[in-house]
Structures are given as structure tokens and as C-alpha cells.
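Convention: sequence-line order gives letters A, B, ...; per-chain numbering from 1.
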There are 2 protein chains.
Amino acid sequence: MKIQNSKNKNSIIIGPAVAVDTLIFTIRDGKLMVLLIEIGSGPYKNKWALPGGIVQLNETLDEAAKNVLKKKAGINGIYMEQLYTFSDLKRDTRGRMISVAYFALVNSDRFNLKTMDYYSDIEWINVRKLPKMAFDHKEIINYGLDRLKSKIEYSNIVYGLLPETFTLTEMQNVYEIILGKKIDKRNFRKKILALGLLTETKKVKTGAKHRPAKLYKFKKRELVFTK
Amino acid sequence: MKIQNSKNKNSIIIGPAVAVDTLIFTIRDGKLMVLLIEIGSGPYKNKWALPGGIVQLNETLDEAAKNVLKKKAGINGIYMEQLYTFSDLKRDTRGRMISVAYFALVNSDRFNLKTMDYYSDIEWINVRKLPKMAFDHKEIINYGLDRLKSKIEYSNIVYGLLPETFTLTEMQNVYEIILGKKIDKRNFRKKILALGLLTETKKVKTGAKHRPAKLYKFKKRELVFTK
DNA sequence: TACTAAAGTGTTAATAATACACTAACAATA
DNA sequence: TATTGTTAGTGTATTATTAACACTTTAGTA
């Protein structure tokens with residue numbers, strides 16, 4: 001490939017390398033978790049990092065992010081959105097690397113990290129109790145967390161964290177976990193139902209030793225803005 | 001520079017090249033304008049493009065964006081924010097190029113493009129009447145326009161478009177031009193003043209053949225969120 | 001059948017958003 | 001200096017949204 005720049009015609013440009021890093025949130029045990037990989041060797045040995053990889057010449061960033069997630073975590077078919085592009089000169093001590101961060105929300109019940117023995121060092125980690133992180137990945141996580149907090153206020157984005165059907169209390173728990181605060185039950189239900197994003201199913205969740213809860217589902221499991 | 005990837009150790013990675021493109025909005029003659037350069041040669045000859053350039057190994061993206069703007073438009077010392085990173089495989093027919101778009105708002109009175117004869121092909125162009133655009137720059141402009149429209153609703157970002165002191169009517173005009181709709185004068189003033197972003201100066205704008213208007217200024221000329 | 005635990009439900013008050021029309025002050029000019 | 005033209009400046013009533021707050025219902029279990 002030949003590219004012109006203003007100084008040398010027909011020269012190959014060796015610029016910063018480009019990577020994608022994927023920030024995958026889920027909720028487990030009532031906690032907001034993020035998918036991390038423990039690095040096994042090199043200068044970042046024993047530190048934790050977001051699943052990431054180099055962007056190839058023949059893939060877009062969206063594709064690169066999907067491919068990384070598939071290869072490193074066995075996760076397929078989820079919607080990811082671009083978060084931000086990080087470019088500190090020293091963010092990777094091994095060389096100049098620009099990273100485009102992507103983020104997504106998944107229901108971790110759908111994915112079984114344990115079956116992937118090949119990656120024994122991949123885990124869901126509580127986002128409020130991060131281990132030693134490699135690169136600037138702590139910063140990326142915090143950036144993503146801010147985006148998540150604001151986006152749940154004006155979109156249906158939490159559908160990614162919830163199973164096909166769910167109770168309103170389960171949905172409220174997701175909001176409370178992400179926002180880190182209690183929400184009034186009546187106001188929450190009123191507001192969510194008024195948005196018209198959900199439909200009631202005819203089923204209820206039984207088995208608990210209390211009154212069964214109605215099960216709801218999202219009308220659309222794709223991003224919809226509500227404001 | 002040597003970088004490892006998973007397949008070849010100690011190999012240099014030749015990945016996509018990285019550029020920044022800068023999207024600079026201003027208001028002139030009651031219109032929202034964007035700074036464009038006409039391309040003089042090559043496959044995109046006679047098409048228009050955002051000021052852009054290759055990211056060097058020793059500069060961050062923020063720095064690269066600043067440097068581009070200084071070099072190509074003689075514009076210095078403005079706050080730019082990262083917009084989005086574009087990566088379509090075919091976005092530049094000359095080779096694989098990823099572009100990180102930045103955007104900023106300026107008061108064009110402060111800058112005099114005419115003095116820069118060196119760039120006879122740089123102009124403020126009405127954003128609603130774009131000429132033939134090179135690359136995916138039309139898409140970038142539309143993306144930036146959406147960001148601008150939403151951001152003026154929850155921040156003081158318009159300070160960039162306004163001079164040091166201004167009347168409330170001038171400020172309202174800026175909002176109307178960007179949003180493309182009329183706003184009620186009384187409600188606008190009530191809301192803006194209630195946000196507490198402005199201070200009244202002791203001066204008025206005279207000379208017009210009607211009642212003089214009070215001049216206001218921003219308390220802070222830096223990004224502040226209001227919601 | 002009594003107890004436990006979460007599900008489910010309405011009203012009131014406070015705040016924010018919208019719709020809407022006249023008076024004030026200066027410049028120009030008759 | 002009186003009149004006219006033009007934009008600046010202002011308030012109130014209505015509606016919509018958000019926030020605060022407590023009791024009844026229903027299934028499971030003892």
C-alpha cells in the first residue's frame with residue numbers, strides 16, 4: 001500500500017498502531033461486573049486488561065471489536081458501540097498504540113466463560129473493585145461507566161443486561177446497581193411503563209415465598225432513545 | 001519501534017494509518033458555517049474536505065488536531081473535543097485510513113482566513129449547503145451537527161460561537177440557527193438566566209435604531225454541563 | 001391459618017416547560 | 001420636538017414532569 005503525505009511522495013507511513021479494546025459489562029450476584037483478562041507475560045504480567053487486539057488492514061473498527069470479543073471471550077452477536085479513542089503517548093510502554101474502545105452490555109447467563117479453558121485467565125470482575133490494571137484500562141472503564149450511567153437515563157440500553165423476560169423489580173435492581181442509589185418503586189414503575197418500551201407477558205415469576213411478579217419483555221431489543 | 005502481536009514476535013505491524021479531521025463550526029451572516037478546504041490535486045481534486053492530517057508518532061490525537069488546525073487554518077488556542085472515529089475500509093480510496101474527528105466552535109471574527117493567502121482554498125461554507133465533499137466528510141459533518149444540536153441543550157458550549165460580550169437576542173439567534181427553529185423569547189431568557197451561566201455587564205449595545213440591549217458575558221468560558 | 005416477604009398500587013406537592021402580548025427605549029425623520 | 005419604526009424587555013396562567021410517601025395483595029412456608 002502506498003500513501004502520500006505532504007512531505008514524501010510514495011512513502012509508506014509508519015504511524016501509531018491501532019488497537020480496539022472491548023468493555024463488556026454484565027450484572028452478576030447483584031454487582032456490576034466487567035470482563036477482564038489477566039496478562040500472562042511481558043511487562044504487564046499479572047495485571048488485568050480489557051479484551052483487545054490489533055486492528056487489521058481489512059476490517060473496520062466495529063468488525064475488529066466484534067472479532068476480538070469472539071476470539072478472546074467466545075462472545076458473539078452482541079451490539080457494541082464505540083466509546084472513545086485513547087491516545088496517550090505512554091499508554092502502552094511497548095510502543096505507540098492508539099486504542100479505540102468499544103462497549104456493550106450482556107446478560108452473562110448467555111455466556112459460559114468456564115467452558116473456554118483456553119482462556120483460564122478471563123473473568124467477570126466487580127467494576128467497583130478493580131485489580132491492578134494494565135495500560136490506561138482503568139481510565140477506559142471509568143469512561144465507559146460514566147457513559148453507561150448517563151445512557152440508561154435516556155435510552156432502553158439496559159435490555160442488554162436483562163434476560164428475555166424479567167420482572168419490574170429485576171429491572172429496577174439493574175438501575176440501582178448501575179446508578180449506585182435507591183430508586184422509589186412506584187415512581188420507577190410509573191415512569192418505565194409510561195415510556196412504552198415494555199410489553200407485559202401473560203406469565204408470572206413464581207417459586208419465591210411471596211406474591212408472584214408479572215414478567216415483562218422489551219418490545220425492541222435494539223437501541224431506542226426515550227428523550 | 002518493535003511491537004509484538006500474537007502471531008509474529010518482534011515484527012513491525014503495518015496497520016491502518018491514522019489521521020485526524022477537524023470540524024470547526026462558526027456563525028456568519030446568520031448561518032451555521034463549517035471550515036472547509038478545497039483539494040487541489042489527486043483523486044479528490046476540486047472536492048472539499050475538512051482540515052485534516054496524519055497523526056505523528058510523537059503526538060496525541062488532541063495534539064494532532066490542534067496542530068492540524070494551526071497549520072491548515074492558522075487557528076490557535078481553541079478547545080476541541082473528540083467526536084468519533086471513522087473507519088470504513090473505502091473511506092479514502094488512496095489506502096486504508098482511519099480518521100479521528102474532532103470538533104470545535106469558534107467566533108470567526110477572531111480569525112481572518114483572508115490574510116492567509118497561502119491557503120486560497122480555505123473557506124467558511126454554509127453547513128446546509130455543502131459542496132461536493134471528499135472522503136466521508138459529509139457524514140462526519142452530519143455527525144458533528146447532531147452532537148452540536150444535542151450538546152447545546154445541556155451545556156454552555158455555545159460560548160465558543162459568541163464574542164466576549166453579547167446580548168440575549170444574539171445568543172438566542174445562535175440557538176435558533178443551530179436548532180433550525182424559532183424559540184420563544186421570554187422562555188429562552190428565563191431559562192438561560194436561571195441556569196446562572198451568565199453575568200450581566202454594565203454595558204449596553206447602542207447604535208441600532210431601537211432600544212439598546214444589555215450586554216452579558218459567560219462566567220466561565222470552558223465547558224460546563226447544566227443538567 | 002397465621003406469618004413472612006416481596007408485588008403491586010394513587011395521591012399530593014413541587015418543579016419545569018410551554019403558550020402567549022404588551023410596554024420601554026432609542027434612532028431616524030418629518 | 002413629535003411621530004414613527006424597531007427591537008428590548010417583562011409576567012402569568014396552564015400543562016407536564018418529577019418527587020415524596022404507605023398500605024393492601026398474594027403466594028409460600030411453618
Practice task
Carefully, step by step, assess A:Asp62 and A:Gln82 under the rule side chain to side chain donor-acceptor pair (under 3.5 Å).
Solution key: CA-CA 8 Å; A:Asp62 290 24; A:Gln82 192 183 298; over 6 Å; no
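- Recorded end-axis angle for the helix from C:dT1-D:dA30 to C:dA30-D:dT1 stands at 10°, based on five pairs per end and rounded to 10 degrees.
- Taken residue by residue, residues 193-201 of chain B places no heavy atom nearer than 4.0 Å to DNA chain D.
- For A:Lys217 against A:Phe166, the heavy-atom pair with the smallest separation is CA-CE2, 3.9 Å.
- Contacts with DNA chain D (heavy atom under 4.0 Å) in residues 148-155 of chain B: none are found.
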Could you go over nucleotides 18-21 of chain D and give all protein N or O partners under 3.5 Å, atom names and distances?
from, atom 1, to, atom 2, distance (Å)
D:dA19, N6, A:Lys190, NZ, 3.4
D:dA20, N7, A:Asn187, ND2, 2.9
D:dA20, N6, A:Asn187, OD1, 3.1
D:dA20, N6, A:Lys190, NZ, 3.4
D:dC21, N3, A:Arg186, NH2, 3.3
D:dC21, N4, A:Asp184, OD2, 3.2
D:dC21, N4, A:Arg186, NE, 3.4

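- Between B:Asn156 and B:Arg221 there is no side-chain heavy-atom pair separated by less than 4.5 Å.
- A:Lys191 is linked by a salt bridge (charged side-chain N to carboxylate O under 4.0 Å, His left out) to nothing, counting only residues two or more places apart in sequence or in another chain.
- Residues from residues 204-220 of chain A lying near DNA chain C, meaning a heavy-atom separation below 4.0 Å, are A:Lys209, A:His210, A:Arg211, A:Pro212, A:Ala213, A:Lys214 in numerical order.
- The only member of B:Trp48, B:Tyr44, B:Phe86 that meets ring pair (Phe, Tyr, Trp, His ring centres under 6.0 Å) when paired with B:Phe135 is B:Tyr44.
- The salt bridge (charged side-chain N to carboxylate O under 4.0 Å, His left out) check on B:Glu63 picks up nothing, with sequence neighbours excluded.
- In this structure, A:Phe188 places its CZ atom 17 Å from C1' of D:dT17, rounding to the nearest Å.
- Under the side chain to side chain contact (heavy atoms under 4.5 Å, CB included) rule, A:Tyr216 has a single partner from A:Thr199, A:Leu193, A:Leu162, which is A:Leu193.
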Exercise for the section: Take B:Lys70 and B:Asn67, measure what side chain to side chain donor-acceptor pair (under 3.5 Å) needs, and give me the verdict at the end. Expected result: CA-CA 5 Å; B:Lys70 184 174 177 176; B:Asn67 291 336; 5.9 Å; no
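- Reading DNA chain C from its 5' end, the first and the last nucleotide to sit under 4.0 Å from a heavy atom of chain A are C:dT4 to C:dT11.
- No side-chain heavy atom of A:Ile125 sits under 4.5 Å from any side-chain heavy atom of A:Leu35.
- Here side-chain hydrogen bond (donor to acceptor under 3.5 Å, both in side chains) pairs that include residues 158-172 of chain A, with residues two or more places apart or in two chains, are A:Glu170-A:Lys205, A:Gln172-A:Glu176.
- Under the rule for a salt bridge (charged side-chain N to carboxylate O under 4.0 Å, His left out), the partners of B:Lys151 that lie at least two apart in sequence or sit in another chain are B:Glu81.
- Looking only at side-chain heavy atoms (C-beta outward), A:Val68 and A:Tyr102 stay at 4.5 Å or farther from each other.
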Exercise for the section: Please lay out, stage by stage, how A:Ile178 and A:Phe25 fare under the test side-chain contact (heavy atoms from CB on, under 4.5 Å). Expected result: CA-CA 10 Å; A:Ile178 291 170; A:Phe25 289 112; over 6 Å; no
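- The minimum heavy-atom distance linking A:Gly196 with A:Lys219 is given by the pair O-NZ, 2.9 Å.
- Between the P atom of D:dT10 and the CD1 atom of B:Ile192 lies a distance of 15 Å, rounded to the nearest Å.
- Between B:Leu36 and the choices B:Met133, B:Lys47, B:Glu123, the side chain to side chain contact (heavy atoms under 4.5 Å, CB included) rule is met once, by B:Met133.
- Every residue meeting the side-chain hydrogen bond (donor to acceptor under 3.5 Å, both in side chains) condition with B:Asp136, not counting sequence neighbours, appears here in chain and number order: B:Arg91.
- Side-chain contact between A:Arg147 and A:Phe103 is present, with at least one heavy-atom pair separated by less than 4.5 Å.
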What donor-acceptor contacts under 3.5 angstrom involve side-chain atoms of residues 137-145 of chain A, with partners at least two apart or in another chain?
from, atom 1, to, atom 2, distance (Å)
A:His137, ND1, A:Leu50, N, 3.0
A:His137, NE2, A:Asp21, OD2, 3.2
A:Asn142, ND2, A:Lys138, O, 3.4

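- Nucleic acid contact for A:Thr167: none, since no nucleic acid atom lies under 4.0 Å from a heavy atom of the residue.
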